[in-house]
Every structure is written in structure tokens, then in C-alpha cells.
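Okay, so here's the structure we're looking at.
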Amino acid sequence: MSEEKLISVTFSDGVERRYPAGTSLFDIVAEIDLGSNVPLVARVDGRLVDLSTPVTSDCAVKLLSFESPEGKGVYWHSTSHILAQAVKELFPEAKLGVGPSIENGFYYDFDVQNPFSPGDLEKIEERMRRIVKADLPFRRKEVSRAEAQRLFTSKGEDYKVELIEELDAEEQPIIYQQDGFIDLCRGPHLPSTGYIKAFKLLSSSGAYWKGNERNPMLQRIYGISFPEQKQLDEYLSKLEEAKRRDHRRLGQELDLYSVHEDVGAGLIHWHPNGAVIRNVIEEFWKEEHWKRGYKLVYTPHIASERIYQISGHIENYSDLMYSPMDIDGIPYRLKPMNCPGHILIFKTRQRSYRDLPIRYAELGTVYRYERSGVLHGMLRVRGFTQDDSHIFCTEEQLPDEIVGVLDLVQFMMDTFGYSYKAYLSTRPEKSIGSDEAWEKATNTLRMTLEKMGLDYQVDPGEGVFYGPKIDIELEDALGREWQGPTIQVDFNLPERFDINYIGQDGREHSVVMIHRTVLGAMERFIGGLIEHYGGAFPVWLAPIQVAIIPITDVQMEYSERVAEALKADLIRVWVDRRSEKIGHKIRDAEIQKIPYMLVVGSREVKEGTLSLRKRGEGDLGSVKLEEFRTRILDEIRKRM
RNA sequence: GCCGAUGUAGCUCAGCAGGCCAGAGCGGCUCACUUGUAAUGAGCAUGUCGGGGGUUCGAAUCCCUCCAUCGGCUCCA
């Protein structure tokens with residue numbers, strides 16, 4: 001009997017086992033009972049590999065199922081290969097682009113004569129089902145560069161050939177094959193196509209090769225897959241839920257806003273209901289800024305082009321600015337940003353160190369040219385109102401100012417029920433300012449985040465050219481991320497505008513300038529809020545806070561009296577005077593997502609009470625007017 | 001801006017292998033009902049069939065073009 005060498009495999013749970021050298025992970029897995037947690041791939045000494053990989057020396061192994069991010073990624077990536085195989089079988093002339101896994105699912109890009117139709121997607125799905133059923137193994141093979149070149153050139157896969165040419169010199173091309181389908185791919189992959197239990201192709205669209213708009217446009221197919229049909233159904237119903245919450249749909253149903261072709265794309269008209277929400281938020285915003293030492297200012301919506309030459313906006317942002325209009329022979333522009341105006345106000349007098357910090361804040365409406373294809377409801381528009389502020393301070397004051405802004409951010413986001421993550425963006429390649437200034441400011445931002453105990457990630461090189469920044473990402477009720485507050489230090493404008501202050505030493509010093517927004521823009525923020533709340537706004541924001549529902553006309557007068565009493569406290573009340581059955585009125589109030597309903601019948605009139613009903617919760621029994629008034633005012637005050 | 005799809009009543013949608021007055025449901029209006037916690041019934045009216053141009057005896061339907069919207073790409077508050 002030959003001497004079989006045993007090697008030691010340590011699993012992630014600490015268990016150590018011995019196997020003959022050359023045993024594949026797949027065979028190892030077969031011996032272990034892992035319950036329903038089917039392993040898909042493994043990390044061997046930290047490297048992600050196929051289960052078909054043999055273990056040849058002592059190693060640490062971590063088996064990964066669909067429950068892990070890596071497992072999901074591999075699962076989806078393998079599904080994309082199945083998609084590609086199906087497409088190649090049905091459309092042999094299609095050329096392959098790339099087909100990675102993404103945050104939710106996967107895609108694959110193809111160069112085809114005719115874009116895919118919805119009917120094509122069905123046919124492709126059908127073909128994919130056959131490939132899954134055949135349970136074809138994914139086979140990995142390392143090939144030489146020349147071999148890979150020859151192989152993909154002979155297949156006419158120009159894009160793959162391009163990818164091979166771009167491989168690092170030391171990187172060896174790897175191909176994966178299932179059945180007759182061969183793809184250039186780093187892997188790893190599932191053991192076989194049969195692992196895919198439930199999948200769906202979701203959409204197709206154009207996408208530029210390598211994401212560059214000068215490159216040819218390929219046709220991309222998106223899809224998703226899961227180990228269980230139930231998970232796919234859940235995912236699809238989550239998509240449905242997101243659709244139900246879509247701010248464009250709710251904006252229409254709840255009569256919040258509209259956009260008009262005759263006015264122009266991306267320009268929002270706020271209806272009374274939407275305007276209430278905006279007004280309440282703006283009042284709250286102003287109040288909070290007053291409390292925190294900001295001074296509110298207003299600046300004009302158009303300005304001579306000269307100011308944007310000084311600020312550098314013409315130079316750096318001209319493609320997002322609207323063309324000039326001629327006024328008395330001078331070119332004027334619609335305001336794309338509020339900063340120059342605030343700076344001019346700052347500069348109207350000489351500032352002493354005693355004046356600083358100066359915090360100017362403005363709900364400033366700006367207009368920016370957005371390409372037609374990117375417009376999206378209230379979230380991506382061409383005219384919007386930023387909750388903008390510029391803080392002018394000394395270098396010493398910078399840390400405290402950042403703390404102040406972050407504290408405001410936390411307070412605001414807690415009020416709206418968002419959780420959030422912070423990102424620190426450092427110096428990009430193309431930038432202005434000294435190394436020293438960058439380092440100082442970046443460190444200040446970093447130290448402040450740490451001091452406040454905020455979790456943050458560093459985005460290296462993602463800062464703006466004029467300074468480092470902190471971005472806050474919000475997570476909404478559906479777990480989706482939104483771009484939120486941003487705090488930017490600016491080394492550029494103080495220099496361009498030559499803004500400074502007189503220090504204690506009687507000499508001029510340069511001002512440190514911070515741009516910051518907390519909500520971003522009213523349009524985008526409220527569009528996001530609509531989805532966050534699914535249209536069911538908390539009482540303090542609800543356009544109509546109380547619906548009073550008389551059962552018959554006999555209770556109309558009493559109802560009106562109750563309404564008047566509540567209106568006196570600025571509570572937004574509506575009396576449903578329609579000659580409808582109470583069930584109908586309640587249904588409509590629920591659909592309109594009105595937080596409170598007060599049902600008034602003869603019993604209530606006789607007893608001088610109200611029958612209280614809460615949105616989504618149903619009948620709460622009878623209350624006295626005073627009792628209800630106290631309750632709702634308390635909720636409004638607490639911004640519940 | 002690019003690729004694809006869509007655009008018919010206030011809303012959601014049917015009609016679109018060209019051909020009598022363009023339809024349904026919801027909503028609206030009128031009338032009746034006076035109602036107890038998620039849809040009372042009857043009647044009436046819905047309209048430059050996205051805009052412009054063309055083909056045709058005849059266009060919501062076919063072609064061209066512009067606009068808007070939707071899904072993506074690229075870009076972004």
C-alpha cells in the first residue's frame with residue numbers, strides 16, 4: 001500500500017480534520033453534515049476558490065453558503081454564466097461583454113444586432129431552465145495567454161480578447177466552461193448549474209462597454225436568483241412594495257406634486273398637500289438653524305456671469321449651468337449654487353476674529369442642467385431648493401464647527417427616523433491647495449467623526465478638488481441607501497474671493513470655509529421621505545392630520561364645531577361632508593393616509609365625545625375633544 | 001446625451017394585421033338614500049387618441065420628426 005500523505009484542514013469553527021492530499025473540497029464537504037447551509041464556495045487560507053479545488057497542503061478552510069456575501073456573489077455570478085450560455089445558444093452571433101454579480105443579482109452584457117425584446121427574455125429564461133436542469137458542471141482551466149487569445153479570437157469574442165490584452169503581465173488567463181459554453185473569467189463558480197433553484201430575468205437595457213459613453217453600447221440583461229423559490233418570491237414582492245411606495249406614484253395618489261410638459265422636464269409644482277409637508281419641514285429647519293446660531297439670508301436667482309467667472313463655476317461646472325441670457329448687453333446666468341452670494345454678503349464689511357464663526361444659511365433655489373435621461377420624479381430635477389449653508393471660521397474653530405454640523409445632522413436624521421453611515425473623502429488626484437492644508441483639514445474631519453463616536457468609512461481620493469468632505473448616507477425603512485448630508489471644506493473659494501478676517505494680532509488671516517447641507521435639496525429629500533414613510537406621514541408632517549367623519553348630516557354642525565376648535569390650534573382638519581356611508585368615508589381617509597379620524601354619530605353628539613380612529617390601527621374608542629387635542633398637540637410638538 | 005419601451009377621459013388601462021358615432025373600471029357631476037368603523041344605488045358627461053409633418057379615398061392604428069414619461073448606461077443635490 002502506497003504511503004498516502006495526510007494533510008490537516010482546519011475549519012472555520014476550529015475543527016481540524018485530516019484528509020489525503022489532493023482531496024477536493026467537494027469531497028470534503030460531502031462528508032460533513034452542514035444541514036441546509038449548502039456550501040457553494042470556500043476560502044482556503046483566505047483565497048476564494050471553487051469547491052472542486054483539491055487541497056494539497058495544510059490549510060484553513062471556510063465554507064461559504066448563500067447566506068454569506070461571497071456565497072451570494074458566486075451564486076449570482078454563476079447564474080450570469082448560465083444566462084450567457086442561453087443567449088449564445090439562441091443568438092450565436094452575440095458577442096460577450098462582462099457578466100458580474102452586483103448588489104442584488106447579476107447582469108451580463110452582450111453585443112447583439114437587435115436589442116432584446118421582452119419576448120426574447122422569456123425565451124432566454126426558458127433556455128436557462130434547460131441548462132439548470134441539465135446540471136452541467138462549471139469547469140475551471142488555466143490557460144496561457146496565447147492560448148486564450150487564440151481561443152477567443154477564433155470565437156470572434158472581440159471584447160474578451162480586449163480583456164485578455166489588459167490582464168496584468170503576471171496574471172494567467174482563466175477560463176470556465178460549462179457544456180459548450182466557454183468564458184474568460186476569474187471565478188470562482190458553483191460546482192454545477194443545477195445549484196440554481198429559482199431565478200428571474202428582470203430587465204434589459206443599453207449599457208456602454210466599460211461604462212464609457214464613447215464606447216459602443218451593449219445590451220445588458222439583469223436578473224436575480226436564489227436557492228429557494230420562496231426567497232425569489234420574497235424578493236419580487238419586495239420589489240412590488242418598493243413600487244407601491246414609489247414617490248411618483250404616491251405623489252400622484254396623495255396629490256403632492258406634478259411636473260408639466262409645457263413648463264419643462266424636471267421642474268416640480270408643489271400641490272397644497274406637498275407644500276404643507278415642505279412648509280412644515282422648512283419651518284422646522286429654520287427654527288433649528290436659528291437655535292444653532294445660523295443667520296438666514298436670501299440671494300438672487302439670477303446673476304451676472306462675472307460672479308461665476310470669479311467663483312470658477314463657469315470654468316468647472318459650465319455643462320451643468322444654463323446658457324446665459326442677455327440683460328442690457330451683459331450675460332446673466334441662472335444660479336447653480338448659493339456660495340458666491342453668501343461670500344459676497346460676508347465681504348460687505350471687514351470681519352474681525354470676534355465676528356467668527358459666521359454661519360449663513362439659505363433655502364436656496366438653484367437651477368442645474370441635468371441630461372434628459374437622468375431626470376427622475378422629485379429625486380433628480382432641474383430646479384431645486386438646497387438647504388444650504390456656508391460657515392466662515394478660523395482654523396481653530398473648524399473642529400467645533402464640524403461637531404456642530406454633525407450634531408445638527410444627527411438631530412435631523414433622528415427626527416425623520418433615518419439611520420445613517422458616514423464617509424470621509426480624502427484628497428483626489430486633481431486638486432488644489434497645499435498638502436499641509438489638506439492634511440490638517442482631513443485630520444480635523446477624521447478626529448471629529450471619532451470624537452462623536454460616528455462609524456465611518458474612508459473613501460480615498462473621493463474628495464472634491466477644493467477640499468475634503470464628509471458624506472452621510474441614509475438608510476430608509478426599506479433598507480435602501482440615499483445620499484444625505486454633506487460637509488465640505490473649501491480651500492478654493494476663500495482664495496478666489498480673497499476672503500479673510502482681522503486676527504487678534506491686527507493682521508489679515510484667511511478664512512476657513514465650510515459648505516454643508518443637511519437635507520440636501522427639498523425636492524430630493526421629500527421625494528425620499530415619501531418613500532421612507534410609504535406616504536403615511538407622521539402626524540406632524542401629514543398634509544391632513546385629522547379627518548372628521550359625521551355619520552349623518554345631523555352631526556354636521558357638531559363636526560364643524562370640532563373642526564373649528566382644532567383649527568384654532570393650527571391642526572390641519574378636514575370634514576368629510578359627503579353623503580356616503582361611514583365605511584366609505586373611513587376607507588377613503590385610510591387611503592389618503594390621514595393619521596387620525598374622528599367619527600361623529602348621534603351618540604357622540606349626545607355625550608359630547610368623539611370616536612377616535614387611528615390610521616392603520618382602527619377604532620381607539622371614544623375620547624373627549626380636549627383629550628384628543630392634548631394628545632395630538634403633544635405628538636405634533638414631539639414631531640411623532 | 002445614449003439604448004430600449006411607453007404616451008388613448010382626472011386616474012388605471014382596453015382598442016392599434018387602417019374603415020360605421022373611440023371603450024371599460026375608478027374618479028367627477030346630478031338625484032335618491034341619512035348611513036356606526038376600509039367601497040349604497042341609479043342616471044349623466046367625459047376625449048385636439050402627446051405635438052407637428054407625411055402615406056392613404058380614409059390614420060388612435062402605418063412612416064418621419066419633436067416632446068414627455070418609464071427601465072438602464074453615463075453623470076449628480
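First the proteins, then the strands, lettered A, B, ... as listed; each starts at 1. Just so you know, these numbers use all the heavy atoms, side chains as well, and skip hydrogens, waters and symmetry mates.
- Using a 4.0 Å cut-off between charged nitrogen and carboxylate oxygen, A/Arg278 and A/Glu282 count as a salt-bridge pair.
- Using a 4.0 Å heavy-atom cutoff across all strands shown, A/Arg220 reaches sugar-phosphate atoms only and no base atom.
- Contact check on A/Glu213 versus A/Arg371 returns a salt bridge, with a Lys/Arg side-chain nitrogen under 4.0 Å from an Asp/Glu carboxylate oxygen.
- Both A/Met378 and A/Ser205 lie near RNA chain B, and the one whose nearest nucleotide falls closer to the 5' end is A/Ser205.
- Remark: the backbone N or O of A/Ala303 is not paired with any side-chain donor or acceptor of A/Arg333 at under 3.5 angstrom.
- Distances shown here put every side-chain N or O of A/Tyr317 at or beyond 4.0 Å from the OP1 or OP2 atom of B/C76.
- For A/Trp209, the ring pair (Phe, Tyr, Trp, His ring centres under 6.0 Å) test picks out A/Tyr159, with sequence neighbours left out.
- You won't find any donor-acceptor pair under 3.5 Å spanning the side chain of A/Tyr208 and the base of B/G72, going by distance alone.
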Mind listing the N/O atom pairs, protein and nucleotides 41-47 of chain B, below 3.5 Å?
none

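- A donor and an acceptor atom never sit less than 3.5 Å apart when one is taken from the side chain of A/Glu590 and the other from the base of B/A39.
- The side chain of A/Tyr222 sits closest to B/C73 out of B/G1, B/G36, B/C73.
- The side chain of A/Glu604 sits closest to B/G36 out of B/G1, B/G36, B/G27.
- Residues that satisfy the side chain to side chain donor-acceptor pair (under 3.5 Å) test with A/Glu604, not counting sequence neighbours, are absent from this structure.
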- Note on the structure: Given Watson-Crick and G-U pairs under 3.5 Å, RNA chain B in dot-bracket ([ ] crossing, | other strand) is (((((((..((((.....[...)))).(((((.......))))).....(((((..]....))))))))))))....
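- When heavy atoms are screened at a 4.0 angstrom cut-off, A/Gln555 is found touching no nucleic acid atom at all.
- The ring pair (Phe, Tyr, Trp, His ring centres under 6.0 Å) test applied to A/Tyr418 returns A/His532, not counting sequence neighbours.
- Going from the C1' atom of B/A45 to that of B/A22 covers 15 Å, rounded to whole Å.
- In this structure a side-chain-to-backbone donor-acceptor pair under 3.5 Å is missing from A/Lys200 to A/Glu125.
- Scanning for ring pair (Phe, Tyr, Trp, His ring centres under 6.0 Å) contacts around A/Tyr558 gives an empty result, with sequence neighbours left out.
- With sequence neighbours excluded, the residues forming a side-chain contact (heavy atoms from CB on, under 4.5 Å) with A/Leu267 are A/Val263, A/Tyr367, A/Arg382, listed by chain and number.
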Distances under 3.5 Å between protein N/O atoms and the N/O atoms of nucleotides 32-35 of chain B, please, pair by pair.
residue	atom	partner	partner atom	Å
B/C33	N3	A/Ser579	OG	2.9
B/C33	N4	A/Ser579	OG	2.5
B/U34	O2	A/Asp553	N	3.2
B/U34	N3	A/Asp553	OD2	3.0
B/U34	O4	A/Asp553	OD2	3.1
B/U35	O4	A/Ser579	O	3.4
B/U35	O4	A/Ser579	OG	2.8

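- Proximity note for A/Ser602 (side chain, C-beta onward) versus B/G36, B/G27, B/A77: the nearest is B/G36.
- Listed by chain and residue number, nothing satisfies the side-chain contact (heavy atoms from CB on, under 4.5 Å) test with A/Glu261 (two or more places apart in sequence, or in another chain).
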- Let me see the working for A/Thr486 and A/Gln488 under side chain to side chain contact (heavy atoms under 4.5 Å, CB included), right down to the final yes or no. CA-CA 7 Å; A/Thr486 163; A/Gln488 308 179 348; 3.6 Å; yes
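- Distances shown here put every side-chain N or O of A/Gln219 at or beyond 4.0 Å from the OP1 or OP2 atom of B/C3.
- Nucleotides B/A60 and B/U8 are separated by 7 Å at their C1' atoms, to the nearest Å.
- Remark: side-chain polar atoms of A/Tyr222 are not paired, donor with acceptor, to backbone N or O of A/Gly105 under 3.5 angstrom.
- Spacing of P atoms, B/G19 relative to B/U61, comes out at 11 Å, to the nearest Å.
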Identify the pairs formed between an N or O of the protein and an N or O of nucleotides 65-70 of chain B at a distance under 3.5 Å, and give each distance.
residue	atom	partner	partner atom	Å
B/C67	O2'	A/Glu261	OE2	2.9
B/C67	O2	A/Glu261	OE2	3.4
B/C70	OP1	A/Arg248	NH1	2.8
B/C70	O3'	A/Arg248	NH1	3.4

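- A heavy-atom distance below 4.0 Å to RNA chain B is reached by these residues of residues 514-522 of chain A, ordered by number: A/Gly520, A/Ala521.
- Judged by distance alone with a 3.5 Å cut-off, a donor-acceptor contact links the side chain of A/Arg380 to the base of B/C75.
- In this structure A/His390 satisfies the ring pair (Phe, Tyr, Trp, His ring centres under 6.0 Å) test together with A/His342, A/His515, sequence neighbours excluded.
- With A/Tyr257 as the fixed residue, the side-chain contact (heavy atoms from CB on, under 4.5 Å) test singles out one of A/His269, A/Gln252, A/Arg248: A/Arg248.
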